[in-house]
J.: 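Would you mind keeping the following structure in view while I ask a few things?
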Amino acid sequence: MNFSKTLTNWYSIYKRDLPWRNTKNPYNVWLSEIILQQTQINQGLPYYLAFIDEYPTVFDLANANETEVLKLWQGLGYYSRARNLHTTANFIVNEFDGKFPKTYKELLQLKGVGDYTASAIASICYDEPTAVVDGNVYRVLARFFGIDTPINSTRGIKEFKALATSLIDKKNPGDYNQAIMEFGARQCKPKNPDCTVCPLKGSCYALHHSKIETLPLKLKKTKVSTKYFNFLVFISADKRTLFQKRTGNGIWKNLYQFPLVETKSELTPEQFKNSPKVASILKGIAFEFSLYNTTDIVHKLSHQHLHTKFWIVEVNSLPEKGILYRDLQNYPTPVLINNFIDEFKFPI
DNA sequence: AATTCGGGGTG
DNA sequence: CACCCAGAATT
């Protein structure tokens with residue numbers, strides 16, 4: 001039996017029953033694909049269910065405001081996905097009367113939809129034979145065919161896309177695409193795959209050349225930078241604190257946080273209190289200053305380690321209009337901030 | 001072509 | 001700790 005047929009047969013037996021697999025509705029499929037970008041199914045599934053529950057159609061999603069969408073996305077990471085999701089929902093409603101485009105080429109025009117996602121939607125919803133190439137596909141193809149071109153090189157990206165395209169089952173491209181991904185996730189796992197029960201063990205290059213551990217090949221590791229974050233948590237008699245929307249194009253865009261003072265290095269409490277930035281924020285205000293966490297909370301992201309201090313600033317009146325403690329939960333925040341709010345327990 | 005975007009899971 | 005995840009957008 002050939003490679004593709006073996007995969008689709010395996011899939012028909014071992015596939016998980018997932019909600020987006022019971023429909024060809026492009027809204028549902030699109031939503032699932034955006035949520036699952038760089039995200040494992042177990043992490044994304046509850047978000048998919050919550051989004052379908054809150055926004056059953058593209059019109060419901062378009063009618064929401066971005067803050068609400070980000071709030072429902074909170075904790076999933078890569079928040080540009082949520083912002084683009086909302087933008088594209090409005091685009092679909094306003095430009096296409098709520099109907100999704102039906103071809104790979106047109107889908108590619110949507111914000112947040114790249115080669116992978118356009119291929120997935122086109123094949124699953126409209127039976128267009130466009131091959132998906134995600135992390136699972138790279139692994140399965142690299143191992144089975146013995147390809148050592150780096151998967152994150154321009155050459156590798158083209159090579160694997162072409163190979164995947166040549167293998168796709170044109171009669172049932174959606175099932176084939178999902179089959180090879182599911183196979184990569186469940187059978188041809190990154191670490192310690194059980195090749196003894198693999199239906200492809202007979203012809204797998206990596207298995208017969210002891211290259212399961214070394215394929216696929218990936219170049220360069222991401223370097224991690226360290227940053228020092230100081231959040232000012234205002235406590236006032238009127239049960240309000242300062243909470244600000246992050247602007248600019250960096251991390252956590254449009255999420256909310258306590259006033260942030262970033263420093264180049266770790267400062268002593270005295271150095272921090274006397275720094276110009278802190279002084280300007282607290283200019284002319286009577287306050288009591290205390291450090292909530294005596295050792296830094298280190299929030300680890302894939303490319304940044306955030307060494308974080310939460311400073312409690314007790315004031316009689318806030319320097320500007322704040323929000324009620326009890327309203328903090330209505331704002332989308334990074335996990336780092338949300339963890340603090342949960343732990344600190346504001347006297348609501 | 002390289003970097004930047006999160007957070008959770010695995011070994 | 002290193003690596004991975006149904007990648008895309010930006011620089």
Side-chain angles (χ1 to χ4, degrees), chain A residues 11 15-16 18 20-21 29-48 70 73-85 87-88 107-121 123-124 130-140 150-158 160-161 164 174-186 188-193 213-214 216-225 227 246 248-255 298-306 332-339:
Chain A
Y11 182 63
K15 71 173 179 181
R16 287 168 283 186
L18 299 167
W20 51 85
R21 287 182 176 162
V29 173
W30 165 68
L31 176 62
S32 74
E33 295 298 346
I34 301 298
I35 287 175
L36 293 175
Q37 288 168 3
Q38 290 295 286
T39 303
Q40 300 196 150
I41 285 175
N42 287 340
Q43 187 186 3
L45 178 56
Y47 286 84
Y48 173 83
L70 284 170
W73 197 272
Q74 179 177 302
L76 198 55
Y78 285 169
Y79 296 94
S80 67
R81 292 184 292 170
R83 299 191 302 267
N84 288 334
L85 190 79
T87 299
T88 291
L107 287 161
L108 211 45
Q109 305 303 313
L110 304 176
K111 272 192 180 177
V113 175
D115 182 82
Y116 164 80
T117 304
S119 300
I121 299 172
S123 63
I124 294 170
T130 47
V132 297
V133 184
D134 74 334
N136 295 303
V137 176
Y138 280 122
R139 187 168 54 255
V140 174
I151 62 173
N152 56 346
S153 65
T154 302
R155 199 160 61 87
I157 292 169
K158 286 180 62 177
F160 281 94
K161 177 74 178 184
D175 269 359
Y176 170 76
N177 275 337
Q178 295 190 78
I180 189 171
M181 290 190 285
E182 185 84 336
F183 185 80
R186 312 252 301 168
C188 196
K189 298 183 296 182
K191 301 287 185 187
N192 306 324
E213 310 289 332
T214 56
L217 183 60
K218 198 172 185 176
L219 291 178
K220 60 183 176 273
K221 354 253 173 214
T222 58
K223 54 172 181 284
V224 178
S225 64
K227 293 186 173 178
R246 286 182 68 93
N249 273 326
I251 189 176
W252 299 331
K253 181 181 179 182
N254 292 2
L255 273 63
V298 183
H299 189 68
K300 293 182 177 178
L301 305 175
S302 49
H303 55 291
Q304 291 180 34
H305 287 182
L306 307 177
T333 71
V335 166
L336 172 63
I337 301 297
N338 201 54
N339 287 347

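Each chain gets a letter, A, B and so on, in the order the sequences are listed, and its residues count up from 1.
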J.: Side chains of Gln178(A) and Lys15(A): closer than 4.5 Å at any heavy-atom pair?
T.: no
J.: What is the distance from CG of Leu255(A) to P of dG6(B), rounded to the nearest Å?
T.: 8 Å
J.: Hey, does Ser153(A) reach any base, or is it just sugar-phosphate, or nothing, if we go heavy atoms under 4.0 Å?
T.: nothing
J.: With a 4.5 Å cut-off on side-chain heavy atoms, are Tyr116(A) and Asn177(A) touching?
T.: no
J.: Base, sugar-phosphate alone, or nothing: which one does Arg21(A) contact when heavy atoms must sit under 4.0 Å apart?
T.: base
J.: Using a 4.0 Å heavy-atom cut-off, does Lys220(A) contact any base of the nucleic acid, only the sugar-phosphate backbone, or nothing at all?
T.: sugar-phosphate
J.: Using atom CD of Gln37(A) as one end and atom C1' of dG7(B) as the other, report the distance to the nearest whole Å.
T.: 15 Å
J.: Have a look at Asn177(A) and say if it touches a base, only the backbone sugar-phosphate, or nothing, with a 4.0 Å heavy-atom cut-off.
T.: nothing
J.: Taking atom P in both dG11(B) and dA6(C), what distance in whole Å separates the two?
T.: 14 Å
J.: More 5' along DNA chain B: Lys191(A) or Ser302(A), using each one's nearest nucleotide?
T.: Ser302(A)
J.: Which whole number of Å gives the distance between the P atom of dT11(C) and that of dG6(B)?
T.: 15 Å
J.: Let me know the distance between CG of Leu301(A) and C1' of dG9(B), rounded to the nearest Å.
T.: 15 Å
J.: Ignoring the backbone of Gln40(A), work out which of dC5(B), dT3(B), dG9(B) is nearest its side chain.
T.: dG9(B)
J.: Looking at Gln43(A) and dG7(B), is any side-chain donor or acceptor paired with a base atom of the opposite kind under 3.5 Å?
T.: yes
J.: Using atom CG of Leu45(A) as one end and atom C1' of dG8(B) as the other, report the distance to the nearest whole Å.
T.: 15 Å
J.: From OH of Tyr78(A) over to P of dT4(B), roughly how many Å is that when rounded to an integer?
T.: 12 Å
J.: Please check: side-chain N/O of Lys161(A) versus main-chain N/O of Ala131(A), any donor-acceptor pairing under 3.5 Å?
T.: yes
J.: Measure NE2/His303(A) against P/dA2(B) and give the value in whole Å, please.
T.: 18 Å
J.: Classify Gly44(A) by what it touches in the nucleic acid, base, sugar-phosphate, or nothing, heavy-atom distance under 4.0 Å.
T.: nothing
J.: Whole angstrom is fine here: how far is it from CD1 in Ile41(A) over to P in dT10(B)?
T.: 14 Å
J.: Return the minimal non-hydrogen interatomic distance between Leu36(A) and Gln40(A), and the atom names on each side.
T.: CD2-O, 4.2 Å
J.: Under 4.0 Å from any heavy atom of chain A: name the first and the last nucleotide of DNA chain C that qualifies, 5' to 3'.
T.: dC1(C) to dA9(C)
J.: Checking all strands, does Val113(A) fall into the base, sugar-phosphate, or nothing category for heavy-atom contacts under 4.0 angstrom?
T.: sugar-phosphate
J.: For Asn192(A), answer base if it contacts any base atom (sugar-phosphate contacts may also be present), sugar-phosphate if it contacts only those atoms, and nothing otherwise; contact means non-hydrogen atoms under 4.0 Å.
T.: sugar-phosphate
J.: If only side-chain N and O atoms of His299(A) are considered, is one of them under 4.0 Å from the OP1 or OP2 phosphate oxygen of dG7(B)?
T.: yes
J.: What is the ring orientation for Tyr138(A) with Phe160(A), classed by angle as parallel under 30°, tilted 30 to 60°, or perpendicular over 60°?
T.: perpendicular
J.: Identify, between His305(A) and Gly184(A), the residue whose nearest nucleotide on DNA chain C lies closer to the 5' end.
T.: His305(A)
J.: So which heavy atom on Asp115(A) is nearest to which on Leu108(A), and how close?
T.: N-CD1, 3.6 Å
J.: Considering every strand and a 4.0 Å limit on heavy-atom distances, what is the contact class for Trp20(A): base, sugar-phosphate, or nothing?
T.: base
J.: Which heavy atom of Leu107(A) sits nearest a heavy atom of Ala118(A), and at what distance?
T.: CD1-O, 3.8 Å
J.: Taking the nucleotide of DNA chain C with the closest heavy atom to each, which residue, Asn249(A) or Lys218(A), is nearer the 5' end?
T.: Lys218(A)
J.: Any side-chain heavy atom of Ile251(A) within less than 4.5 Å of one from Arg246(A)?
T.: yes
J.: Using a 4.0 Å heavy-atom cut-off, does Ile35(A) contact any base of the nucleic acid, only the sugar-phosphate backbone, or nothing at all?
T.: nothing
J.: Regarding Ser80(A), tell me which of base, sugar-phosphate or nothing describes its non-hydrogen contacts under 4.0 Å with the strands shown.
T.: nothing
J.: Does a side-chain heavy-atom distance below 4.5 Å link Leu336(A) with Trp252(A)?
T.: yes
J.: Using heavy atoms to find the nearest nucleotide of DNA chain B for Asn152(A) and Lys189(A) separately, return the residue whose nucleotide is more 5′.
T.: Asn152(A)
J.: For Asn339(A) and dG6(B), what is the distance between atoms CG and P respectively, to the nearest whole Å?
T.: 16 Å
J.: Does Val132(A) reach a base, just sugar-phosphate, or nothing at all? Heavy atoms under 4.0 Å.
T.: nothing
J.: Between Trp252(A) and dG7(B), is there a side-chain N or O to OP1/OP2 distance below 4.0 Å?
T.: yes
